[in-house]
Amino acid sequence: MSNCRVLALIAPMTQLNTPYPSSAYLTGFLRSQGFDASQDDLALKLVLRLFTQQGLKQMQSIARDQAEALRSASVNYFLDHAQRYENCIEAVVRFLQGHDPSLAHRIAARGFLPEGPRFASLDNAEDDTLMWAFGALGVQDRARHLATLFLNDLADVLRDAVDQRFEFVRYAEALASSQASFDPLAKALDAPYTLIDQVLHDLTLETFATHQPNVVLLSVPFPGTVYAALRMAQSLKHHHPDVKIVLGGGYVNTELRSLNEPRLFDFVDYVTLDAGERPLLALLEHLQGKRSAQRLVRTFSRDNGVVKYTQWAEPDVAFDDVGTPTWDGLPMQGYLSLLDMLNPMHRLWSDGRWNKLTVAHGCYWKKCSFCDVSLDYISRYDAATAQTLVDRIERIVAETGQSGFHLVDEAAPPKALKAMAEELLRRRLSISWWGNIRFEKTFTPDLAELLAESGCIAMSGGLEVASDRLLALMQKGVTVDQVARVTHGFSQAGILVHAYLMYGFPTQTVQDTVDALEYVRQLFVHGCIQSGFFHRFACTVHSPVGMQPHHYGVTLLPLPEGSFARNDIGFIDPTGTNHDLLGKGLKKAIYNYMHGIGLDDDVRQWFDLPKGQCPKPKVNKNAIAHALGESR
């Protein structure tokens, strides 16, 4: 092809409040290189097409065909109140898009929306949650939370009556997550269309007709985007067999590095690894006849039925030169500001439209033993200058009219953030921003004040397992006391703090887990953190634990046979701790702490362990107070 028209598509399901940034980065870069590039977000458009009066009528028709004995409570309630759902669905969507704020008063009064099963927990804790979060005057926030519960009820109906794989952010995740075999995906893709499949098919062909590309880029950042991306590719290949389809993104970069599955290439033509700029430039030159297939960069393809990987040694595009992401072409007025979690820090992930930006490629620390430190997205650190970053910020604000930024680095370096803050202040730019960091001692109270002055409103970072022994084993480079002082400095500067927390790390005992939760409780009590999330440790083949398990006291299990996704790896921990049982208590505790509940209670109450098997915390009850130099 002499002229490449490139279309980058966001596949379902990703965030509904803001665009996933991969298409914005690639579209901006390709345009800077002179290519005709466009983009669209079919994750958002799928939801907006389903959540209409017509979409609900289709859902009703399918649900009524379901045997009554098999219907869930969500489906029964939906059918019993079908007309009310139809009457208000489009008004609720407009409200969540910010187009009809006056509707908040009707929604907040609790008489406008049909209130299905998702509202039950709200009624059980009305005083403890809504009033704690909003007080008497938060009508807009209260209404958005109720409207979000309304949409969640409808998502449950879609899952229970239409497609059991549906979720807002994890659509058909189990088909792709750590699946060594392509068989489950192949079977699902060969099955008849569900309503969701049909709507996605129609949207895919409509979008193709609008842009008429000859190259389509499908980014799959998570396992929950793979099935839908391949359904889109299937539709394109059936109706437009000449289009070239390229698959890339975070899921590919971690799970498909040893790809040897020819059937994947029935749907896509190429699969590229790691940062996409250089592989795409090489591929587009190849499609234009300017480069041989032997000079492709980090690219899988199928040749005579066999998967081959081509890696022509060529430097990556410097981060300073990747250009400014653009949101041109995305349905910017259509995104939904959802309010799932009432906690003021936690809500940032689903509430509001944030311009996503990266301070640097990779991680400047790249030592954490649970992380994929051997892969490009971590190991190749490459930062832009403060001037370049703020130039990009100015251009993005001018294009979008939005001054909120989410810095999506693995861990933004303190030196770069300081320089960016000083440049923002020098140019007198008024923006709001938040990002992810390591809670290292370089983030002093003075630096926190500077970042707040430049517009920083929140920071997230990894405390992981709040245990100095395990933090050292993780090579995290921080201690619990240090994290307490750094987070307290941010909080004192008016910056909200979220802690990423982990359980199930090698050699972690029940005592370690109880002690970690006690530290977390004290961090909440002292206002060091306002939000947190516990996730289960997973061993990957690209992490230090996966590469050197003997250093961490574990034995790896053999990887399952297969030619598709091979990343997560099982292991045997000699401690024998039941982390699944402990995880339930940790998640219940953190949910309550984020709502100001149970902070003075013994942490053992959260764990559903047999009597005598939950040890008393060994942590001093004033440990965090002492770390902060306070006396109690």
Side-chain angles (χ1 to χ4, degrees), residues 1-14 20 22-23 26-27 30 35-50 52 54-55 58 62 162-163 165-166 171-172 175-176 182 185-220 225-249 252 261-272 280 283-284 286-288 299-303 305 329-331 334:
M1 60 185 71
S2 59
N3 180 34
C4 290
R5 296 184 305 279
V6 184
L7 173 63
L9 293 178
I10 300 173
M13 293 298 295
T14 52
Y20 191 78
S22 57
S23 70
L26 291 175
T27 302
L30 291 173
F35 288 98
D36 180 356
S38 55
Q39 61 185 324
D40 209 341
D41 186 346
L42 297 198
L44 175 67
K45 287 190 171 181
L46 174 67
V47 169
L48 295 183
R49 183 71 61 88
L50 288 167
T52 59
Q54 179 59 31
Q58 292 173 302
I62 295 168
V162 177
D163 188 336
R165 302 163 302 197
F166 182 81
Y171 181 30
L175 292 176
F182 190 69
L185 271 169
K187 182 178 179 180
L189 292 164
D190 193 43
Y193 277 0
T194 66
L195 171 62
I196 297 170
D197 293 331
Q198 184 62 55
V199 172
L200 184 59
H201 169 81
D202 295 342
L203 287 169
T204 301
L205 296 184
E206 289 170 18
T207 304
F208 184 93
T210 298
H211 297 280
Q212 293 291 313
N214 42 35
V215 178
V216 172
L217 311 180
L218 294 175
S219 178
V220 285
T225 57
V226 175
Y227 169 76
L230 294 184
R231 273 297 195 193
M232 292 159 62
Q234 186 181 52
S235 298
L236 290 170
K237 281 297 183 186
H238 181 74
H239 291 272
H240 305 282
D242 293 334
V243 68
K244 300 298 181 184
I245 301 177
V246 188
L247 193 71
V252 171
E261 177 50 77
R263 288 176 293 174
L264 177 62
F265 295 89
D266 293 338
F267 304 91
V268 304
D269 298 281
Y270 302 97
V271 176
T272 65
L280 282 177
L283 178 57
L284 294 177
H286 168 62
L287 295 176
Q288 291 175 318
T299 300
F300 289 101
S301 58
R302 183 173 63 184
D303 186 15
L330 295 176

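We number each residue from 1, following the sequence as shown.
Interatomic distance, Leu264 CG to Leu185 CG, rounded to the nearest 0.5 Å: 9.0 Å. With values rounded to the nearest 0.5 angstrom, Gln58 atom CD is found 11.0 Å from Ile196 atom CD1. To the nearest 0.5 angstrom, Leu203 atom CG is 8.5 Å from Leu50 atom CG. Rounded to the nearest 0.5 angstrom, Thr204 OG1 and His239 NE2 are separated by 10.0 Å. Between the CG atom of Asp269 and the CD1 atom of Ile245 there is a distance of 6.0 Å, given to the nearest 0.5 Å. Atom-to-atom distance recorded for Leu217:CG and Thr272:OG1 is 8.0 Å, nearest 0.5 angstrom.
The main-chain N or O of Gln212 is found under 3.5 Å from a side-chain atom of Arg5 such that the two form a donor-acceptor pair. Between the side chain of Gln234 and the backbone N or O of Leu189 there is at least one donor-acceptor pair closer than 3.5 Å. Counting only distance, with no hydrogens or angles, the side chain of Asn214 and the backbone of Asn3 share a donor-acceptor pair below 3.5 Å.
Two residues are said to be in side-chain contact when any heavy atoms from C-beta on lie closer than 4.5 Å; Ile10 and Leu42 fail this criterion. Using a 4.5 Å heavy-atom cutoff, the side chains of Val252 and Phe300 are not in contact. Counting heavy atoms from C-beta on, the side chains of Val246 and Val271 never come closer than 4.5 Å. Taking 4.5 Å as the limit, every side-chain heavy atom of His240 sits out of range of all side-chain heavy atoms of Val216.
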**Request:** For side-chain contact (heavy atoms from CB on, under 4.5 Å), just list the numbers for Thr207 and Leu7, CA-CA rounded to whole Å, side-chain angles, deciding distance to a tenth of an Å, and then say yes or no.
**Result:** CA-CA 9 Å; Thr207 304; Leu7 173 63; 4.0 Å; yes
**Message:** Could you go through Arg231 and Phe267, starting from their C-alpha distance and side-chain angles, then the distance that decides it, and tell me whether this counts as side-chain contact (heavy atoms from CB on, under 4.5 Å)?
**Reply:** CA-CA 8 Å; Arg231 273 297 195 193; Phe267 304 91; over 6 Å; no
**side-chain contact (heavy atoms from CB on, under 4.5 Å) between Phe265 and Tyr270, worked out** = CA-CA 7 Å; Phe265 295 89; Tyr270 302 97; 5.7 Å; no
**Request:** Test Val268 against Lys244 for side-chain contact (heavy atoms from CB on, under 4.5 Å), laying out the working first.
**Result:** CA-CA 7 Å; Val268 304; Lys244 300 298 181 184; over 6 Å; no
**Message:** salt bridge (charged side-chain N to carboxylate O under 4.0 Å, His left out), that's the test. Do Lys237 and Asp266 meet it? Break it down for me.
**Reply:** CA-CA 8 Å; Lys237 281 297 183 186; Asp266 293 338; over 6 Å; no
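The minimum heavy-atom distance between Leu44 and Asp41, with the atom names listed, is N-OD1, 3.1 Å. Minimum interatomic distance between Leu200 and Leu46 (heavy atoms only, all atoms of both residues): N-CD1, 4.0 Å. Minimum heavy-atom separation, Asp40 to Pro331: OD1-CD, 3.8 Å. Taking every heavy atom of both residues into account, Ala188 and Leu175 meet most closely at CB-CD1, 3.7 Å. A pairwise comparison of heavy atoms in Met13 and Thr225 identifies O-CG2, 3.4 Å as the closest pair. Across Ala229 and Leu218, no two heavy atoms sit closer than the pair O-CD1, 3.4 Å.
When each of Ser23, Ser219, Ser22 is tested with Gln39 by the rule side-chain hydrogen bond (donor to acceptor under 3.5 Å, both in side chains), just one qualifies, namely Ser23.
A distance of 6.0 Å or more separates the ring centres of His201 and His238.
Screening residues 206-218 for salt bridge (charged side-chain N to carboxylate O under 4.0 Å, His left out), with sequence neighbours left out, gives Arg49-Glu206.
Here Asp36 pairs with nothing under the side-chain hydrogen bond (donor to acceptor under 3.5 Å, both in side chains) rule; sequence neighbours left out. Annotation: ring-ring contact (aromatic ring centres under 6.0 Å, His included) contacts of Tyr171 (sequence neighbours excluded): Phe166, Tyr227. For the side-chain hydrogen bond (donor to acceptor under 3.5 Å, both in side chains) test, residues two or more places apart in sequence or in another chain that qualify with Ser38 are His211. Under the rule for a side-chain hydrogen bond (donor to acceptor under 3.5 Å, both in side chains), the partners of Glu261 that lie at least two apart in sequence or sit in another chain are Arg263, Ser563. Checked against salt bridge (charged side-chain N to carboxylate O under 4.0 Å, His left out), Asp202 has no partners two or more places apart in sequence or in another chain.
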